[in-house]
Amino acid sequence: MKKIYLYGNWKMHMLPSEAEAFCSELLSGTAEELYSTRSIDIALFPPYISITPVARMLPENSFYKAGAQDGWFEDRGAFTGAVSMDMIREIGCTHVLVGHSERRSIFGDTDEIVGRKLKQAVQKGLIPVLCFGETLEQREAGQTLAILGKQLLAAWKDIEADEIKGTSELPGILLAYEPVWAIGTGRNAKAADAQEACAFSRNLFKERFGEHMDCPVLYGGSVKESNAAELLSQQDIDGALIGGASLKVGSFLGIYENYRKSAD
Ligand code: PEP
């Protein structure tokens, strides 16, 4: 069975007290002996205010990780409302989402800003999860792969291969293909379409950074228990970035369990 990356983006949900309750339930539901022998990597991306309780509760150096949903590209200064990558690291994050479609469409993150955030994350030793994806209009116009290529090339324009420092345990970067029209809509991409986009993105990554470089590619967009097995069994889909279904331990772990049952 391949390693599965089960990443939960909580968006603007979960008060610190709710995050603590979630982690207690998660830790009791992921029996160490079962999960540590299976290949799984679980990361939670709470809102900033709830990162500290999550990072404190998740066992260190385990298959659980904490991440932030965004980070700014400057070290420090007059950037009201922003949070730096150093701050994120210091409160216990190993990961950071970069370029989520809600940051792009609601908060105005351009391809250039996404590129600067990605570079800053890598330089500060965080593992970025680079999110990208097409709108419905772009898909219907047959532009999907062209748009994905444009977003990816712009994001890693200023990054060199030796800056991406993965280990055998942890990748230096992950890609998350998230079609905008599938996020939060209940309408997931067809497995074959998601596979095509993820394979394309992986190949582009190798072309840019070298054949020997690999990075996990996640699919995101209305992943739930009922579609998990089909999506996660695709050859180039290494895991899922999950929004709505990551807010309850049962539906979050159910995604992995359904895949596991189908793959066993
Ligand atoms: C997301 O927030 O990245 C996401 C994929 O959300 P949902 O699973 O709710 O579509």
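One-based numbering, in listed order, for ligands and for the atoms of each. Predicted model only: the values in this text are computed from it and were never measured. Start at 1 with the first residue, then count along the sequence.
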Salt bridge flag under 4.0 Å for residues K124 and D86: yes
Identified side-chain hydrogen bond (donor to acceptor under 3.5 Å, both in side chains) counterpart of D109 within the set K117, R116, H100: K117
Partner residues of R139 under the salt bridge (charged side-chain N to carboxylate O under 4.0 Å, His left out) criterion, sequence neighbours left out: E134, D193
With F200 via ring-ring contact (aromatic ring centres under 6.0 Å, His included) - residues at least two apart: none
Which pairs would a plain distance check flag for residues 213-226, meaning a side-chain donor or acceptor within less than 3.5 Å of a matching protein atom at least two apart in sequence or in another chain?
{"unit_1": "D214", "atom_1": "OD1", "unit_2": "R202", "atom_2": "NH1", "d": "3.1"}
{"unit_1": "Y219", "atom_1": "OH", "unit_2": "A189", "atom_2": "N", "d": "2.9"}
{"unit_1": "Y219", "atom_1": "OH", "unit_2": "G221", "atom_2": "O", "d": "2.8"}
{"unit_1": "S222", "atom_1": "OG", "unit_2": "A182", "atom_2": "O", "d": "2.7"}
{"unit_1": "S222", "atom_1": "OG", "unit_2": "G186", "atom_2": "N", "d": "2.7"}
{"unit_1": "S222", "atom_1": "OG", "unit_2": "R187", "atom_2": "N", "d": "3.3"}
{"unit_1": "K224", "atom_1": "NZ", "unit_2": "G186", "atom_2": "O", "d": "3.1"}

Amino acids contacting ligand 1, non-hydrogen cut-off under 4.0 Å: N9, K11, H100, E178, A182, I183, G184, G220, G221, S222, L241, I242, G243, G244
D158 bridged to K119 by N-O distance under 4.0 Å: no
